[in-house]
There are 2 protein chains.
Amino acid sequence: MAAKTDDSGPVLPPAIESAWGLRERPPKGPRPGMSVPAIVDAAVRVADADGLAAVSMSRVAKELGAATMALYRYVGSKDELLMLMVDTGYGPSPGPPDPQDDWRAGLTRWAWAEHEVLRRRSWLLHVPISGPPITPQQLGWMEDGLRCLDGTTLGESEKMSVLLLITGYVRNEASLTSQVAEGSRAAGIEPAEMMPAYGRLVARLIDPARFPALHRVLSAGVLNQDDDPDDEFVFGLDRILDGVEALIQRRAG
Amino acid sequence: MAAKTDDSGPVLPPAIESAWGLRERPPKGPRPGMSVPAIVDAAVRVADADGLAAVSMSRVAKELGAATMALYRYVGSKDELLMLMVDTGYGPSPGPPDPQDDWRAGLTRWAWAEHEVLRRRSWLLHVPISGPPITPQQLGWMEDGLRCLDGTTLGESEKMSVLLLITGYVRNEASLTSQVAEGSRAAGIEPAEMMPAYGRLVARLIDPARFPALHRVLSAGVLNQDDDPDDEFVFGLDRILDGVEALIQRRAG
DNA sequence: CCCTTCTGCGTATGACGTACGCTGTTATGC
DNA sequence: GCATAACAGCGTACGTCATACGCAGAAGGG
């Protein structure tokens with residue numbers, strides 16, 4: 001009926017469409033003085049410097065020497081800006097896996113790449129995610145993850161589930177460590193003293209008769225040793241990959 | 001030096017202390033007309049009805065027939081109120097594991113209990129978590145989880161890591177499904193049509209040459225079948241528990 | 001009976017996202 | 001060359017929010 005080739009469902013916000021290279025500049029009117037990427041870069045600079053809470057429309061505009069409302073000619077809302085910030089905040093995907101790596105080595109590299117990004121830009125964890133990824137680089141990450149599982153016996157649906165499992169784990173682990181870091185800064189404590197202080201607090205609060213298992217953990221000094229946070233990350237990742245490996249071998253055998 | 005028996009580090013907010021039953025009512029002054037639990041219950045009612053975004057201090061006060069600023073006699077800040085909301089939102093822990101259950105059955109029940117809570121109160125996922133749990137019921141959940149691992153060969157530190165792994169997974173899975181639900185409501189689409197619509201959108205955006213693996217997943221119709229979301233939950237949980245099982249058997253053997 | 005200590009809360013402040021509409025700029029159709 | 005439509009920049013205004021501050025009245029202790 002309509003002559004438009006685009007007939008399908010959900011409407012993509014204009015700024016996201018331009019991130020995909022669709023959408024040409026309208027022929028009339030004054031030339032734009034800014035650009036969506038410049039705005040997003042400015043917002044990312046603010047988040048890198050002062051955290052996500054410092055990213056307000058007026059602050060980003062100030063960063064660009066423009067007025068607040070000028071930004072709305074480029075992005076439809078702050079939420080749209082946040083979506084674009086996530087895209088450039090993650091940056092380009094780590095690339096396809098090394099051909100001589102097996103799936104496990106590939107996914108390990110993939111997980112570490114996200115881990116690295118989230119360590120450097122912990123504000124990414126505070127962006128409320130409002131849906132599945134639709135920006136170019138985000139889908140690039142997904143593509144690279146899927147390729148790691150290319151030679152395996154897993155079904156396509158299972159590959160997707162495995163990626164979701166891993167990326168969820170990486171985000172979660174990064175959340176916890178960044179909370180410790182932010183909490184120690186807020187309380188004015190050394191980061192290494194944070195978990196021991198928490199352990200002492202809980203030990204003071206709980207009744208050992210009501211919380212025997214918890215009391216045993218605290219008595220074992222689990223929170224006192226400040227081991228390499230990377231060890232914790234590796235532990236969980238290895239558990240998950242062990243679980244995936246068990247499935248792959250079951251499918252194969 | 002000080003005669004106080006309490007000398008250790010981080011100061012607990014007053015409202016949290018009263019949640020632990022410490023802190024008696026001051027002898028002087030007018031009798032309080034409200035109570036912390038009443039305020040928290042009102043806030044939880046608002047969140048249950050209209051989501052976390054509807055929880056403002058003025059809205060909660062209106063729920064109680066009080067003025068906004070009256071609440072600040074009971075809670076120190078909105079963040080404190082949120083912390084208490086999480087505590088009562090989760091509710092009492094599911095209880096210690098059935099004695100005849102092994103660790104795997106116990107943790108499965110434990111994970112399903114949290115899953116159930118988060119399905120009923122998805123606003124819990126939107127509360128920005130600002131630190132490790134310090135409220136009574138939260139620590140109760142942790143206690144019950146630890147007890148599931150009581151008979152195993154795992155070290156205390158490993159037990160803690162396993163719980164973190166599982167609770168992180170449950171939260172993550174609940175986040176994804178609740179995003180789909182909220183997204184479909186916002187877009188006015190049937191929930192069952194959400195993922196297929198997403199699949200069509202991505203298929204339209206990507207170049208199959210640049211995203212071959214992703215294209216293959218979409219062509220397989222992974223997003224078109226609307227399978228039971230519980231199946232997805234079980235899949236990931238089983239992977240993780242398989243991984244934990246592998247570790248336990250390695251420790252034992 | 002006064003004084004201390006508390007409760008309830010009205011007022012005010014500053015920050016935020018963004019709807020609306022005006023002004024000036026640009027390229028096209030005549 | 002000129003009118004006109006489409007667009008860029010942005011000043012103003014509005015509604016919402018958390019919360020600092022201070023005052024009035026209540027309740028118990030000396």
Side-chain angles (χ1 to χ4, degrees), chain A residues 13-15 17-18 23-40 42-43 46-47 49-85 123 126-128 130 186, chain B residues 13-15 17-18 23-40 42-43 46-47 49-85 123 126-128 130 186:
Chain A
E17 278 200 344
S18 73
R23 200 168 206 83
E24 62 268 25
R25 185 167 109 64
K28 293 207 221 179
R31 250 152 322 206
M34 305 182 258
S35 71
V36 176
I39 291 172
V40 175
V46 172
D50 297 332
L52 190 67
V55 178
S56 67
M57 297 304 271
S58 69
R59 172 76 187 274
V60 173
K62 194 168 297 172
E63 193 81 5
L64 290 163
T68 306
M69 291 309 292
L71 302 185
Y72 284 94
R73 293 283 176 201
Y74 298 85
V75 294
S77 67
K78 188 183 180 180
D79 283 343
E80 214 175 289
L81 175 57
L82 288 174
M83 201 185 295
L84 295 167
M85 285 177 67
W123 54 265
H126 298 120
V127 179
S130 54
Chain B
E17 278 200 345
S18 73
R23 202 170 204 79
E24 62 269 24
R25 184 169 110 64
K28 293 208 222 177
R31 248 151 303 156
M34 304 183 257
S35 70
V36 175
I39 292 173
V40 175
V46 172
D50 296 333
L52 190 68
V55 177
S56 67
M57 297 304 272
S58 69
R59 171 75 186 274
V60 174
K62 193 168 300 173
E63 194 80 5
L64 291 163
T68 306
M69 292 310 292
L71 303 184
Y72 285 94
R73 293 283 175 203
Y74 298 85
V75 295
S77 66
K78 188 183 179 180
D79 284 343
E80 214 175 288
L81 174 58
L82 288 174
M83 201 184 295
L84 295 167
M85 285 177 69
W123 55 265
H126 297 119
V127 179
S130 54

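Below, chains carry the letters A, B, ... as their sequence lines are ordered, and counting in each starts from 1. This structure is a prediction, so every number in the text was calculated from the model and none was measured.
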Steps toward side chain to side chain contact (heavy atoms under 4.5 Å, CB included) verdict (A:Leu64, A:Met34): CA-CA 9 Å; A:Leu64 290 163; A:Met34 305 182 258; 4.2 Å; yes
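- The phosphate of C:dT7 (OP1 or OP2) has no side-chain N or O of B:Tyr74 nearer than 4.0 angstrom.
- When each of B:Leu71 and A:Gly29 is assigned the nucleotide of DNA chain C with its nearest heavy atom, B:Leu71 is the one assigned upstream, toward the 5' end.
- The separation between A:Arg73 atom CZ and D:dA6 atom P is 14 Å, rounded to whole Å.
- Interface residues of residues 61-69 of chain B facing DNA chain D, ordered by number: B:Thr68, B:Met69; criterion, heavy-atom separation under 4.0 Å.
- For the pair A:Val75 and A:Glu80, the tightest heavy-atom approach, listed with the atom from each and the gap, is CA-OE2, 4.0 Å.
- Residue B:Lys78 comes nearest to B:Ser56 through the heavy atom pair NZ-CA, 4.3 Å, listed as atom of the first residue, atom of the second, then distance.
- For the pair A:Tyr72 OH and C:dC16 C1', the interatomic distance rounds to 9 Å; values are reported in whole Å.
- Put simply, the side chain of B:Lys62 never gets that close to the backbone of B:Thr68: no donor and acceptor are under 3.5 Å apart.
- Put simply, CG on A:Leu52 is 11 Å from P on C:dG17, counting in whole angstrom units.
- The backbone N or O of B:Ser77 lies less than 3.5 Å from no partner atom in the side chain of B:Tyr72, so there is not a single donor-acceptor pair.
- If you take NZ of A:Lys78 and C1' of C:dA19, they are 17 Å apart, rounded to a whole angstrom.
- Distance CZ (B:Arg59) to C1' (D:dG15): 17 Å, rounded to an integer number of Å.
- For the pair A:Arg25 CZ and D:dC7 C1', the computed distance is 9 Å after rounding to whole Å.
- The phosphate of C:dT26 (OP1 or OP2) has a side-chain N or O of A:Arg31 nearer than 4.0 angstrom.
- B:Val127 approaches B:Leu52 most closely through the heavy-atom pair N-CD2, 3.6 Å.
- Nearest-nucleotide mapping onto DNA chain D: of B:Pro27 and B:Ala54, the residue sitting toward the 5' end is B:Ala54.
- Going from atom CE of A:Met34 over to atom C1' of D:dC7 covers 13 Å, rounded to whole Å.
- Partner of B:Leu84 under the side-chain contact (heavy atoms from CB on, under 4.5 Å) criterion, out of B:Val36, B:Ile39, B:Asp79: B:Val36 alone.
- For the OP1/OP2 pair of D:dG29 and a distance below 4.0 Å, the side-chain nitrogens and oxygens of B:Lys28 include no atom meeting the criterion.
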